[in-house]
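Encoded as structure tokens, the structure appears first; notes follow it.
Computed from heavy atoms alone, side chains included, the values below leave out hydrogens, waters and symmetry copies. Model, not experiment: these values are computed from the prediction.
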There are 2 protein chains.
Amino acid sequence: MVRMPESRPYHHGDLRAALLATAERTLRDRGAGALSLRELAREIGVSHAAPGRHFKDKQALLDALALTGFERLAGALESADDPGLPLEPRLAGLAKAYLGFAVENAALLELMFTRKHDPDASAQLAASVDRSVGSFLRLVADAQARGEIVAGDPERITLVAAASLHGLAAFAANGSVPAEQALAGLDEHVHHLLHGLKPR
Amino acid sequence: MVRMPESRPYHHGDLRAALLATAERTLRDRGAGALSLRELAREIGVSHAAPGRHFKDKQALLDALALTGFERLAGALESADDPGLPLEPRLAGLAKAYLGFAVENAALLELMFTRKHDPDASAQLAASVDRSVGSFLRLVADAQARGEIVAGDPERITLVAAASLHGLAAFAANGSVPAEQALAGLDEHVHHLLHGLKPR
DNA sequence: ACCTGAACACCGTTCAAGT
DNA sequence: ACCTGAACACCGTTCAAGT
């Protein structure tokens, strides 16, 4: 919790961080549709024009929120990756981290993967996306080097893996598949991704 | 183009259909953020309160839009399915239809897979989703009967296939992957889905 | 440098009244 | 049955002015 002084100073101190934190809580509790700059300002106790100092418009706030999401996701994937593990459990670990993030941050995940318009934010976002993809890319490259994954452009193979996991994460995040069901079937999902749907 | 009479009658005739059609064009041209009931009414030439007769609120309009999307997608998948084909080209055909729909209706696809709130719309939507999933489910069941797809709960296997294709479709729709690249690599994607990422 | 208060042009939704 | 016009309570954004 944030300390709430009796009499608020004229300058907030770190309004930018407060806006992002409050916005993410609203996103989690009431969804993206409930996000309003004026309400955010009201909750923080600042004038409705104050957010304009830190974000040039509402989209800039949403872009910043998406960026923090990708940074946290990248961190979670890097923490979850254990390069010493055999291929299948190593991939299952990454998959679990991704799906876990999706379930815990469903509304944020939607925002992260929504079509962006502002080209300013795109550069930073792209870098952050690359960092997340990097964990999968390293796993694929390592496994290819050991002959445990089929040869071919590692970016392409990574896309196949990422699409499979992102599809499941999106289904879990939007409620198409219950979160528990997605998590319970995750190891089997990863197995099918590695071994294919055709019998061996 | 719609015929525009010099003097508009008091009753529009089919305002509901006009709202849906105009909304979808706006969605396609300018994205979901640009959708406003008042602007829709203005474009159609009706008072701003008129949409309220046909949709209880904005979310109801969005739900109806999503429903038409799923109906069209289901139709496209059914048209694309050729049960006489061998497994891999048959699945590739369905995949191409899905990805084609995603690329041609990117903003609508996002709307279709966004978290819905209104439980009224959910029942109809669920039926429409089931119809779309049905094409994949039949393919899986047929292939399992021939021993061409691994045994196991067909719903689960279908989820693995659907997640893989939906992930790719979502990446193509939101611009993470260029549409041409996704389409160009589709056959290979389907091959990896069926044969797995591990060497055989 | 950071924030306020007023102003502007928009929204979605409701509801009596009109046709 | 369907639509209008006014009203209400909200928005996002801008900008002079305050601290």
Inset, instruction - Please check if any side-chain donor atom of S135(B) sits under 3.5 Å from a side-chain acceptor atom of E78(B), or the reverse. - result: no
Inset, instruction - Rounded to the nearest angstrom, tell me the gap between atom CG in L40(B) and atom P in dT13(C). - result: 13 Å
Inset, instruction - Take atom CZ of R53(B) and atom P of dC15(C), then tell me their distance rounded to the nearest Å. - result: 11 Å
Legend entry - DNA chain D: 5'-proximal contact among D14(B) and Q59(A) (nearest heavy atom): D14(B)
Legend entry - Pairwise distance CG(L94(B)) to NZ(K96(B)) - rounded to 0.5 angstrom: 12.5 Å
Legend entry - Dot-bracket line, read 5' to 3' along DNA chain C, where crossing pairs take [ ] and | marks a partner on another strand, Watson-Crick or G-U under 3.5 Å: ||.|||||...|||||.||
Inset, instruction - For E148(B) and R90(B), run salt bridge (charged side-chain N to carboxylate O under 4.0 Å, His left out): C-alpha distance rounded to whole Å, both residues' side-chain angles, the deciding distance at 0.1 Å, then the answer. - result: CA-CA 12 Å; E148(B) 293 175 352; R90(B) 185 182 174 191; over 6 Å; no
Under 3.5 Å, N/O pairs linking protein and nucleotides 5-11 of chain C:
unit_1, atom_1, unit_2, atom_2, d
dA6(C), N6, H48(A), NE2, 2.9
dC11(C), OP1, R42(B), NH2, 3.4
dC11(C), OP2, R42(B), NH2, 2.5
dC11(C), O5', S36(B), OG, 3.4

Inset, instruction - Return the value, rounded to whole Å, for the distance between atom NE2 of H54(B) and atom C1' of dC2(D). - result: 7 Å
Inset, instruction - Go through the steps to decide whether L15(B) and R53(B) satisfy the test side-chain contact (heavy atoms from CB on, under 4.5 Å), and finish with yes or no. - result: CA-CA 9 Å; L15(B) 180 52; R53(B) 285 286 127 189; 5.9 Å; no
Inset, instruction - Give the intermediate values and the outcome of salt bridge (charged side-chain N to carboxylate O under 4.0 Å, His left out) for residues E104(A) and R28(A). - result: CA-CA 9 Å; E104(A) 297 297 320; R28(A) 189 180 306 277; 5.6 Å; no
Inset, instruction - Please report the C-alpha distance between L197(B) and L87(A) in whole Å, then the side-chain angles of each, then the deciding distance to 0.1 Å, and finally whether the side-chain contact (heavy atoms from CB on, under 4.5 Å) criterion is met. - result: CA-CA 11 Å; L197(B) 298 185; L87(A) 174 58; over 6 Å; no
Legend entry - Donor-acceptor contact present, side-chain T26(A) to main-chain T22(A), <3.5 Å: yes
Inset, instruction - Determine whether more than 12 heavy atoms belonging to other residues, nucleotides or ligands lie under 6.0 Å from atom CD of E39(A). - result: yes
